[in-house]
Structures are given as C-alpha cells and as structure tokens.
There are 2 protein chains.
Amino acid sequence: MSAEYTNPLFTVDSVLFTVKNEQLLVLLVKRAQAPFIGDWGLPGGFIDEKIDNNTDATARRKLQAKTGLSPAYLEQLQAISGPDRDPRGFSVTLAYFALVAYQDVSPQIASVESASWIALKDLAKLNLAFDHLHIIEAARQRLQQKTLYSMTPVFCLPTQFTIAQLKSVIETIIEKPIQRKSLMRRIEASDIFEISEEKIPSGGRMAQLYTLKPGADLVNFERNLSL
Amino acid sequence: MSAEYTNPLFTVDSVLFTVKNEQLLVLLVKRAQAPFIGDWGLPGGFIDEKIDNNTDATARRKLQAKTGLSPAYLEQLQAISGPDRDPRGFSVTLAYFALVAYQDVSPQIASVESASWIALKDLAKLNLAFDHLHIIEAARQRLQQKTLYSMTPVFCLPTQFTIAQLKSVIETIIEKPIQRKSLMRRIEASDIFEISEEKIPSGGRMAQLYTLKPGADLVNFERNLSL
DNA sequence: AGAATAGTGTCTTTCAGACACTATATG
DNA sequence: CATATAGTGTCTGAAAGACACTATTCT
C-alpha cells in the first residue's frame with residue numbers, strides 16, 4: 001500500500017452565464033496556450049496554492065481576471081475526469097457554475113479581446129476546447145433546474161430590477177413563459193426581496209424596482225414551476 | 001504565464017449510507033496509514049490511472065474493496081479543498097455519496113475488521129480523520145433533500161421490497177413520518193416500479209413485493225414531501 | 001381617448017396530508 | 001373472534017396555472 005500514485009492534472013473551470021436580450025450567454029476565452037491553442041474554452045486554470053484558499057477562490061480569481069469582478073453567484077457544478085480528455089494525460093477538472101449581470105461586466109469584457117459572451121444557441125458553430133461543450137450543457141441544465149425552485153436567476157440582473165425583468169430572465173432560462181402572478185407570489189413568499197423607493201418607466205405604468213434584502217439567503221420553494 | 005504550478009494532493013472519498021433498524025448508517029474504515037493513523041475515516045484514496053477510467057471508477061473500486069460490491073447508487077457530492085485540511089499540504093478531495101442495501105454488504109463487512117457501519121447519531125463520539133465529519137453531514141443533507149423529491153432511498157433496500165420497508169427507510173432518512181398513501185401515489189406516478197409475483201408475510205395481511213423496473217431511471221417529482 | 005405595461009382577484013388544477021374505511025393475514 | 005398490517009376512498013389545504021380585471025403612465 002505504499003505505492004506512489006501520480007497526481008492527475010487538476011484544473012478549475014467556470015461556466016459564467018448571463019442573460020441579455022432574451023438570450024442566455026456564456027463567457028468564453030480564446031486559448032492562448034496549448035493544448036487547443038486558438039480554440040474557445042471556459043475561463044479557468046490551475047490552483048495557485050500561494051493565493052487560493054480553496055477551489056472557489058481559484059474560480060473567482062480566474063473570473064475576475066477576465067471580467068473585472070467576482071460573480072454574484074458561484075457554486076460547484078461537477079468534477080469531470082478521464083485519461084483522454086486532456087492530451088497531456090489523465091486530468092480532473094472541477095467545473096463551477098456562475099452568474100453575473102450583463103451590465104456589470106460588459107465594459108470590461110469589451111476591453112479584453114480574448115474574452116467574449118457567446119449565445120448558447122451559437123455554441124454548436126464553435127469548436128470548443130476539451131469537453132467544455134459538455135460541461136456548459138451540464139451547467140445549463142443545472143441552472144434550468146434551479147430556476148424551477150429558486151430565485152437564482154436574480155443574479156443575472158443588476159441590484160435593482162423589475163418583476164418584468166426577472167420574469168424575462170426566468171423565461172429565457174427555462175425557455176417557457178411563466179405567469180406574472182406566479183412570480184409575484186413567489187417573490188412575496190420568499191421574503192428575500194425589498195421594494196425599492198424607485199420606480200422606472202416601462203412604456204405603460206411605472207414599474208416598481210426591487211432589490212435583494214442585504215444578507216438574504218436564497219430559499220428553495222417546495223414546488224417546481226412546470227416545464 | 002508559464003509558471004509551473006504544483007498540483008494539489010487529490011483523493012476520492014465516499015460516504016456510503018445504508019439504513020438498518022430505523023438507523024441511518026455510514027461505512028467507515030480504520031485508517032492504516034498516516035495521516036490520522038488509527039482514526040476512523042471515509043473509504044477512499046488516490047486515483048489509479050492504470051485502472052480507473054475516471055473518479056467514479058475510483059470511488060467504486062475503493063468501495064468494492066471494503067464491501068465486496070459496487071454500490072447500487074453513486075453520485076458526486078462535492079469537492080472540498082484547502083491548504084490545511086491535510087497535514088501533507090494543499091489537498092482536494094472529491095467526495096461521493098453512495099447507497100447500498102444492508103443485507104447485500106453485511107457479511108463482507110463483518111469479515112473486514114477495518115470497516116464498520118456506524119450509526120449517524122454515534123458519530124459525535126468518534127474522532128474522524130480530516131474534515132470527514134463535515135463531509136458526512138453534507139452527504140446526509142443531500143440524501144435528505146433528494147428523498148423529498150425522488151425515490152432515491154430504494155437503493156438502501158434489496159431488489160425486492162415492500163411499501164412498508166420503503167416507507168420506513170424514507171422516514172428514517174428524513175426523520176419524520178410520512179403517509180402510506182402519499183408514498184403509494186408516488187410509486188404509481190413515477191412508473192418505475194413493478195409489482196413482483198411474490199408477497200411476503202408481515203404480521204397481518206400479506207405485503208406485495210415491488211422491484212425497480214429494469215433500466216428505469218429515477219424521476220424527480222415536482223413537489224417535495226414536507227419536512 | 002387609446003395603447004401599453006404594472007399589478008390584483010379569483011377560479012381551476014394538481015398533489016401532498018389526514019384519516020377513516022375496507023381487505024386479508026395470523027392466532 | 002380479535003388484532004395487526006396492507007391497501008383504498010375521499011376530503012382538505014397549499015401553491016401553481018389561467019385569465020380577466022383594475023391601475024397607471026404615455027401619446
């Protein structure tokens with residue numbers, strides 16, 4: 001039992017989503033190093049043991065480098081491993097799944113030419129590094145599932161947002177219309193939102209702005225929205 | 001960007017649960033090597049790149065070594081990482097969460113004196129290696145949550161089982177009684193079970209045995225049982 | 001006024017909880 | 001027979017879906 005095992009290559013990659021114009025977008029970077037030089041891939045890399053206290057910190061650090069900020073939402077998705085997914089040898093990737101408001105990141109992205117928002121429906125056209133397409137698909141399913149029983153999608157919006165905006169983001173994610181009324185009921189029941197002082201124009205009656213209560217944790221509803 | 005990063009120590013550990021006599025049990029092994037020699041810990045270890053095609057295979061191989069069989073249910077739980085959790089240095093553990101029927105494993109366990117089923121309520125008395133207590137707690141919460149919206153607990157039972165047995169396992173996991181009727185409705189609605197030809201005595205009327213339909217996938221209900 | 005969007009009232013539908021009732025086994 | 005457990009019938013309650021209705025803003 002004293003055999004020396006070689007450690008696998010270990011990397012952390014993140015699937016950062018946002019929603020813009022009824023489109024689900026994912027952040028991709030153009031790879032500057034081998035393997036898969038020049039292909040698009042997920043932002044990520046190796047742990048830096050001097051800086052990162054754990055893999056969450058690695059994910060945040062790598063995302064910050066590309067977007068200028070730490071994502072509003074971050075959770076572990078899944079580890080993927082195998083002898084053939086990286087030409088350099090057996091590798092393990094810990095995939096994260098993250099959300100930000102498009103507005104928060106947009107200027108920064110525009111200035112980093114190696115990073116870009118790509119609509120999920122356009123992914124098929126691209127050649128993605130490793131099994132990153134597969135990871136993105138897994139992340140999308142997780143996001144969709146979570147959207148059915150939680151308010152997770154708020155993290156795709158700025159701190160102040162209207163019901164209509166939240167409704168639109170939810171509908172984009174689950175690809176199905178929902179009832180305004182159902183959303184209002186959940187907002188009320190969750191008790192994690194505050195009515196802001198402001199209202200904003202909307203084309204008709206002024207729309208109430210909401211914010212997340214400071215320090216409020218997301219709640220899980222015990223019923224799903226129906227798909 | 002050409003810095004050489006040191007890879008962290010990478011291990012795979014599993015939280016194998018079963019239910020016996022209205023008690024939730026977890027499989028622990030007495031550690032034969034440093035660190036934490038002599039303490040109880042989760043079964044697990046390093047990837048063997050020659051044998052394991054991925055980390056799932058590592059988890060299964062390590063569990064097989066201790067129980068003689070591959071668990072009926074296995075899913076990734078979570079990766080835990082940090083510079084201080086292992087005295088040997090920065091480490092990452094990929095934790096799995098698994099289920100088996102007590103009857104399937106029991107004889108094998110008894111013969112391996114280094115492995116033992118421990119009731120969850122007795123864990124506090126033990127000194128567990130690493131942050132394994134914390135991992136077990138996370139696994140228990142995941143199992144509890146899954147039990148509210150799926151039939152996952154069947155994997156704690158032999159292939160043939162009665163409604164009463166399943167009900168009892170569920171109640172043990174969520175620590176709350178449920179209605180026989182609710183369970184029956186879910187069994188019917190899920191459409192993943194078959195009525196066996198056999199019935200078994202129960203103290204009163206004979207109880208119908210059920211089995212999982214071959215190749216049936218677990219379904220998620222869109223409503224939770226209430227806690 | 002008319003159009004557009006915000007927000008509410010309320011009926012229907014679905015499914016879990018409660019619990020009594022029937023069915024079938026044993027002694 | 002009594003008792004015990006299996007299994008069903010059915011009412012209630014909670015929350016989502018549907019959708020019409022009111023409210024407010026702009027042109």
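Throughout, a chain's letter reflects where its sequence line sits, starting with A, and its residues are numbered from 1.
Evaluated for a side-chain contact (heavy atoms from CB on, under 4.5 Å) with B:Met151, the options B:Val219, B:Ile187, B:Asn220 yield exactly one hit, B:Ile187. With A:Phe155 as the partner, the side-chain contact (heavy atoms from CB on, under 4.5 Å) test is satisfied by one option alone out of A:Thr18, A:Leu212, A:Val100: A:Leu212.
B:Ala164 comes within contact range of the sugar-phosphate backbone alone, with a heavy-atom separation under 4.0 Å but no base atom that close. In this structure, B:Gln208 reaches the sugar-phosphate backbone alone: every heavy-atom distance under 4.0 Å involves primed, P, OP1 or OP2 atoms, never a base. Within the nucleic acid shown, B:Arg186 comes within 4.0 Å of sugar-phosphate atoms alone, with no base atom in reach, counting heavy atoms only. Within the 4.0 angstrom heavy-atom criterion, no nucleotide atom of any strand lies near A:Thr162.
Between the C1' atom of C:dG7 and the CD atom of A:Gln179 lies a distance of 13 Å, rounded to the nearest Å. Distance CD (B:Gln165) to P (D:dG7): 11 Å, rounded to an integer number of Å. For the pair A:Glu222 CD and D:dA15 P, the interatomic distance rounds to 7 Å; values are reported in whole Å. In this structure, B:Ile200 atom CD1 and D:dG7 atom C1' are separated by 15 Å, rounded to whole Å. Between A:Ile178 atom CD1 and D:dA15 atom P there is a gap of 17 Å when expressed in whole angstrom units. Counting to the nearest Å, the C1' atom of D:dG17 and the CG atom of A:Leu227 are 14 Å from each other. Computed from coordinates, the B:Glu171 CD to C:dA16 P distance equals 16 Å when rounded to whole Å. In this structure, B:Glu188 atom CD and C:dA16 atom P are separated by 12 Å, rounded to whole Å.
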**Study point:** Evaluation steps, side chain to side chain donor-acceptor pair (under 3.5 Å), between A:Thr55 and A:Tyr96
**Key:** CA-CA 9 Å; A:Thr55 53; A:Tyr96 276 79; 2.7 Å; yes
Practice item. Take A:Asp13 and A:Lys62, measure what salt bridge (charged side-chain N to carboxylate O under 4.0 Å, His left out) needs, and give me the verdict at the end. Key: CA-CA 8 Å; A:Asp13 290 311; A:Lys62 290 294 183 177; over 6 Å; no
Review point. Which is it for B:Glu188 and B:Arg185 under the salt bridge (charged side-chain N to carboxylate O under 4.0 Å, His left out) test, yes or no, and what are the steps along the way?
Key: CA-CA 5 Å; B:Glu188 170 110 29; B:Arg185 277 190 291 233; over 6 Å; no
Check your understanding: Which parts of nucleotides 21-27 of chain C does protein reach within less than 4.0 Å, heavy atoms only, written one letter per nucleotide 5' to 3' as B for base, S for sugar-phosphate only and - for none?
Key -> --BBB--
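Each of B:Arg223 and B:Lys181 was matched to the nucleotide of DNA chain C holding its nearest heavy atom; the match closer to the 5' end belongs to B:Arg223. If you find the closest nucleotide of DNA chain D to A:Lys176 and to B:Ala207, the one lying nearer the 5' end belongs to B:Ala207.
Looking only at side-chain heavy atoms (C-beta outward), A:His132 and A:Phe36 stay at 4.5 Å or farther from each other. Taking 4.5 Å as the limit, some side-chain heavy atom of A:Leu128 sits within range of a side-chain heavy atom of A:Leu28.
Among D:dT10, D:dT8, D:dA6, the nucleotide with an atom closest to any side-chain atom of B:Arg185 is D:dT10.
Distances shorter than 4.0 Å separate none of the side-chain N or O atoms of B:Ser226 from OP1 or OP2 on C:dA16.
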